[in-house]
Amino acid sequence: MAKFLVVANWKMNPASYKEAKSLLGATKRVSEAARNVSIVVAPPAIYLRELRSLYKGKKIAFAAQNTHFDSMGSYTGDISPAQIKDGKVSSVIVGHAERRAAGETDEFIRKKVAAVLNEKMTPILCIGESIRNQDGAHYVFVKAQLIAALRDVPAAKIPQVVIAYEPVWAIGSDRPMQARDMHEMAIFIRKTLVEMHGTVGMNVKILYGGAIDETNAVLMLRDGDVDGLLVGRASVQAPRFKALIEAIAEA
Ligand code: PGA
């Protein structure tokens, strides 16, 4: 059976390296007991390399939360795909809604996806609409985001991409999207990928993100037609993340 993928997006947490080490320790313990889950931890960039080299297990992979698209240069405050790769990190979150809100354009995201693939890492491409109403415009929006980010990716590399569908209205809220709505969106995303890149599009992993916690993770995995979850707040509170992973492991 394929394992569920859970990405722990720590965002700008915790406040100190000491706490980050302890959170990683707790995440490591729970990862070892959960056979059907693979965990990817995305810590703040300043902790990433050190946590990666501290970690000696096999169950957790590491991701950067963002990257520049160039390999080096005059970009104050940025880190490059080559630097991330050099830190033995295997994935990069690209186009998170919080980065898009800070001004990141589709053009940047397209270049970042290509640059991450070029370093043989996995881009975790975040997409999702800000508002949703009855007219179905969110499908048009999501399709445009997929085309903008992936149109230059050769079909052979498409299965290396992970799509994290995160409706912006659910991120940071107290309730996720309904699992049956996610099911429809997952079908739509797959159909769009197949239209763009052929049947390899069926092999792309699709995650859901936005207000996932220990109470709703299993339902989303069971009924949402997704391969995993991207978890923000509940991933930085060790007891909640433990309960979330244990719920998936027991389901
Ligand atoms: P949340 O964040 O789980 O805190 O809603 C999800 C995300 O933004 O990745």
Side-chain angles (χ1 to χ4, degrees), residues 4-15 19-20 23-24 26-27 30 37-45 47-48 60-67 89-104 109 112-113 116 122-132 138 141-142 145-146 149 161-179 181-182 185-186 189 205-221 224 226-248:
F4 292 118
L5 177 62
V6 175
V7 180
N9 178 14
W10 289 3
K11 306 193 180 185
M12 203 172 69
N13 303 292
E19 290 164 279
L23 182 58
L24 181 67
T27 305
V30 68
V37 188
S38 349
I39 297 177
V40 175
V41 173
Y47 305 146
L48 180 58
I60 295 179
F62 287 79
Q65 295 179 10
N66 188 25
T67 182
V89 170
S90 55
S91 307
V92 182
I93 298 175
V94 177
H96 189 279
E98 287 150 13
R99 304 301 322 167
R100 292 183 191 256
E104 189 157 304
I109 291 165
K112 289 179 182 198
V113 168
V116 170
T122 299
I124 302 170
L125 170 66
C126 299
I127 55 170
E129 77 284 354
S130 308
I131 44 165
R132 179 176 276 230
H138 49 279
F141 186 85
V142 163
Q145 282 187 327
L146 283 170
V161 177
V162 171
I163 305 285
Y165 172 72
E166 301 202 288
V168 179
W169 46 268
I171 296 174
S173 77
D174 51 7
R175 214 175 313 148
M177 183 166 84
Q178 296 279 323
D181 293 337
M182 183 61 230
M185 183 52 84
I189 291 169
K205 281 197 166 68
I206 300 176
L207 316 181
Y208 168 82
I212 286 294
D213 64 18
E214 65 280 18
T215 67
N216 54 39
V218 170
L219 181 68
M220 186 57 85
L221 290 174
V226 287
D227 304 288
L229 303 166
L230 201 154
V231 184
R233 286 158 296 166
S235 73
V236 286
Q237 297 170 42
R240 293 185 72 195
F241 196 63
K242 178 169 188 278
L244 187 159
I245 297 297
E246 281 173 355
I248 300 173

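Counting convention: from 1, in listed order, for ligands and their atoms alike. For the single chain, residues carry numbers from 1 onward in sequence order.
Which parts of ligand 1 touch Gly210 is read off a 4.0 Å heavy-atom cut-off, strictly below it: atoms 5 (O). Remark: ligand 1 atoms within the under-4.0 Å shell around heavy atoms of Ala211 are 1 (P), 3 (O), 5 (O). Each of the atoms 9 (O) of ligand 1 lies under 4.0 Å from some heavy atom of Asn9. For ligand 1 and His96, the ligand atoms under 4.0 Å from any heavy atom of the residue are 7 (C), 8 (O), 9 (O).
Scanning all protein heavy atoms for the shortest distance to atom 7 (C) of ligand 1 gives Glu166 OE2, 3.1 Å. Atom 4 (O) of ligand 1 has its closest protein heavy atom at Arg233 NE, 2.7 Å. Closest protein heavy atom to atom 3 (O) of ligand 1: Gly232 N, 2.9 Å. Nearest protein heavy-atom contact of atom 2 (O) of ligand 1 is Lys11 NZ, 3.2 Å.
Closest of all the heavy-atom pairs between Gly128 and Val142 is CA-CG2, 4.4 Å. Closest approach of Ile124 and Leu230 over heavy atoms only: CG2-CD1, 4.2 Å. Scanning all heavy atoms of the two residues, the minimum distance from Ala186 to Ile206 falls at O-CD1, 3.7 Å. Closest approach of Ser130 and Val168 over heavy atoms only: CA-CB, 3.7 Å. Contact detail for Arg175 and Ala211: the closest heavy-atom pair is C-CB, 3.5 Å.
For Tyr165, the ring pair (Phe, Tyr, Trp, His ring centres under 6.0 Å) criterion is met by no residue, not counting sequence neighbours.
The proximity of Ile171 to ligand 1, defined as any non-hydrogen pair under 4.0 Å, involves the side chain as well as the backbone.
Ligand 1 is approached by Gly172 to a heavy-atom distance shorter than 4.0 Å.
Considering backbone and side-chain atoms alike, Ser173 places every N or O at 3.5 Å or more from each N or O of ligand 1.
Checked against Ile163 for a side chain to side chain contact (heavy atoms under 4.5 Å, CB included), the options Leu146, Leu207, Asp227 give a single hit: Leu146.
Note on Asp213 versus Arg233: no salt bridge recorded, every NZ/NE/NH1/NH2 to OD/OE distance being 4.0 Å or above.
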